[in-house]
Amino acid sequence: MLPLVIGCALVVAAAAPVASHVQRRRALLRAARDDAERVAVVLRGEIDQHPRLWRYDGVKLAERLAEEGLLQVPALVLRDDRGAEVEVAWPRAAQPRREADLLWGAARVSVDGAILATVWVGQEVRPLWRETAWLAAGFAALAAVLGAVLYLLPMRVIRAAEGRIRGLMGRLLLTLQEEDRRRIARELHDGVGQALTAARLQILALSRTTEPNREARLRGVLEHLDQAIEEVRRATRQLSVPALGELGLAGALRRLCETFAAASGLEVDCDVDLDLRLPSALETACYRIAQECLTNTARHAGARRAAVRLLRVTADGPDGGAVELSICDDGVGWSRAAASAGVSPAATSPVDPDAGHGLAGIRDRVELLGGTLTLSAGPGTPPRGACVTVRLPLQ
Amino acid sequence: MPRPPDTAQIPPCGADFSCRGRLCYARDLVDRWWNVTLGCGVVARCLAGLVVLSAACDGDAPPPPPTAVRPGAPEPGVLRLAGTGAMTPLIARLSAAFAACGPAHAAHPRCGCPPAAAAPRVVVEDSIGSAGGVRAASDGAVDLGLISRPLRPAERLLGLVHVPVGWDAVVLAAHPGVSVGSLSMPQIYDLYAGRRREFPDGSPAVVLLRDRGESANNAFEATWPALEQARESAYRTHRLRVLYHDSAMAEALVSTPGAIGVFSLGAVLTYGLPLKVLSLPGVQPSLSSLRDGTWPARRALGFVVRPDRLARARPFLDFVASAEAAELAAAGGYWLEPGRAP
């Protein structure tokens, strides 16, 4: 867009002044040549009358040129066939100037094929350049205004539309994702979970029969069923976040911090300063991001402490402000290659196939919502640990 | 609780560490420089086009420096004269007498030329002005240049020999129908300045001017300088008619009722022109008043000649310096001083 606008602006700025300059320069040249021809005609008449001494009667030559209106030309040079100057008795007020920036037109005086004199008439081009410069300045100003209008107006509209589309798409996608997750969780709970529970009850009943190995075998089946049930419950919890609906984002984050601290042994500080409900897409995104970051911290960072902070920023802005979520730890920090793969250099376990999708998933969420993601080192001197800071616009 | 630090330690965008949701900073930078380069390319092409177009509209080659002129060769048997028209009547009369003093009349006691001299044929060209006469003589296009004023500083550098001849009175000549015979200087000033347009008797006056370079103007205004300002203002306002040659002035004075203008007394008397010569209060222009200085407006007449042409012009110069020539000139209103030939 910008090169196109620049090109159009340059065409507007340059085309008219260039065309005007060329046209007027050609007109000047034509005028110079025409005047030279007229002077040549006068000279021819003088030569006819005084074939021997025509070049010495400067007074009469000036008189004849004045009659033809040729004494006002900026510059006039006459040379005879010997190349000598033919002097013209110019009136004082019409003394010609001989400057280097003249546009010359020439004409020859010939009699019977022999060139007896050459005439040069010069036209000044400096005023032409001055006028072209003024014209170019005017058109450049016009081009600047047009370029600004052409660039800014559509770009503002495009950016605004882009922002709206991104927001809508992001919210729609996240909403759809959450809808799918809730549906899957519901189906898991209603379908598989119920079936497994029923199977457990039946097996429990069978276990009260009298076969000698039945009890051991049935105990094994029961253990498998318990594990499956627990997996379904865990998956259900992963797919949906019921705490968001019940407690809001602030409460859900505090519960998440407590749950993680208890499960991982990390010391998790939770600082949530938010006094309003956010759109569900934003709340879900913040929760998922915090969840993913804490999971990565627990798995890869080798940290002892982690901190989750959520606050509202730039509340007075025209866009209604933003929320900033940061998750920091005091672990081993980032490494360039590891971070791009989502793996900590201190990891001793094989690469977690899901870890590579962690940061990518966070980045995708942030992009969809039009926010910014910043990865940085932790606090302290020297810095240690890692921080993930996400800023999401409220609108 | 550890606070997130500022972003000063964010690695460069190339590692895809920092993302703003649209374009990375590095990609922005590349795009920006590409736009600048593209824009500069367009500007450069426009300027190149302007230069090419301007060059295409260039005019003809400027005039080269003038070349030095080699003097022309003299014509055998011909003495060619050209210059101021003020001397034309005088030289015409003298050249006719000089021709009559040729070998056929070598024994005539009144001829000033040596009897054995093979006098060349004297040809007097049309008037080209004193400046033209000087240049023509310097170029060798003529043998003698005719001037009616002193040489200018630049003309003195040409190396010509100046031969003074005599004097010519410059007068105010008028149409023969003008009734007044005398004008005072204030009246003349008023006529030239346009403050009055009639003669003292109420008849209309038509002032005719000579061109700026005319020696008659200088001769008249050397005595009455205020006339120059009035004349210049007339040139600027195109209020008065300007004549560029003696013949044109003579014709205009004769044919224009009420006409008045500066003119040569010698031309009036030599050609017998039907013009009235006006006098100033107490002073009548004539040969005697010219000689005794009571008539102050006069111009010096002379020849200019190349040193290498002096020998072939000698017979004529000697004749002009003779008493015979002085007598002939006096009859025509010119004052020649005999014996002044170099």
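The chains referred to below are lettered A, B, ... by the order of the sequence lines, with proteins before strands, and numbering in each begins at 1.
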Tell me, side chain or backbone of [X] under 4.5 Å from chain B's heavy atoms, or both, or neither?
X	result
A/A32	neither
A/R82	both
A/L103	side chain

Measuring from atom CG of B/D139 to atom CG of A/L53, what distance do you get when rounded to the nearest 0.5 angstrom?
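Spacing of CG (B/D139) from CG (A/L53) equals 10.0 Å.
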Just verifying a value: how many Å separate A/R64 CZ and B/Y244 OH, rounded to the nearest 0.5 Å?
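OH of B/Y244 is found 12.5 Å from CZ of A/R64.
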Find out whether [X] and [Y] are in side-chain contact, i.e. whether some heavy atom of one side chain is under 4.5 Å from a heavy atom of the other.
X	Y	value
B/R80	A/R52	yes
B/V134	A/Y56	no
B/D60	A/R33	yes
A/W120	B/P64	yes
B/D126	A/H50	yes

Side chain to side chain contact (heavy atoms under 4.5 Å, CB included) partners for B/S127, two or more places apart
B/H245
Is it the case that over 12 heavy atoms from other parts of the model lie below 6.0 angstrom from the [atom1] atom of [X]?
X	atom1	answer
A/R304	CZ	no
B/R241	CZ	no
A/Q23	CD	no
A/Q49	CD	yes
B/R312	CZ	yes

Return the set of residues passing ring pair (Phe, Tyr, Trp, His ring centres under 6.0 Å) with B/F316 (not counting sequence neighbours), or none when no residue passes.
B/F98
Looking only at heavy atoms, which two atoms of [X] and [Y] are closest? And how far apart?
X	Y	result
B/T67	A/A84	OG1-N, 3.7 Å
B/A61	A/W104	O-CB, 4.4 Å
A/R79	B/P65	NH1-C, 3.7 Å

If you count heavy-atom pairs under 4.5 Å between each of B/P66, B/A131, B/A248 and chain A, which one has the most?
B/P66
Options B/P63, B/A141, B/G133, B/G132, ranked by heavy-atom pairs under 4.5 Å with chain A, top entry
B/P63
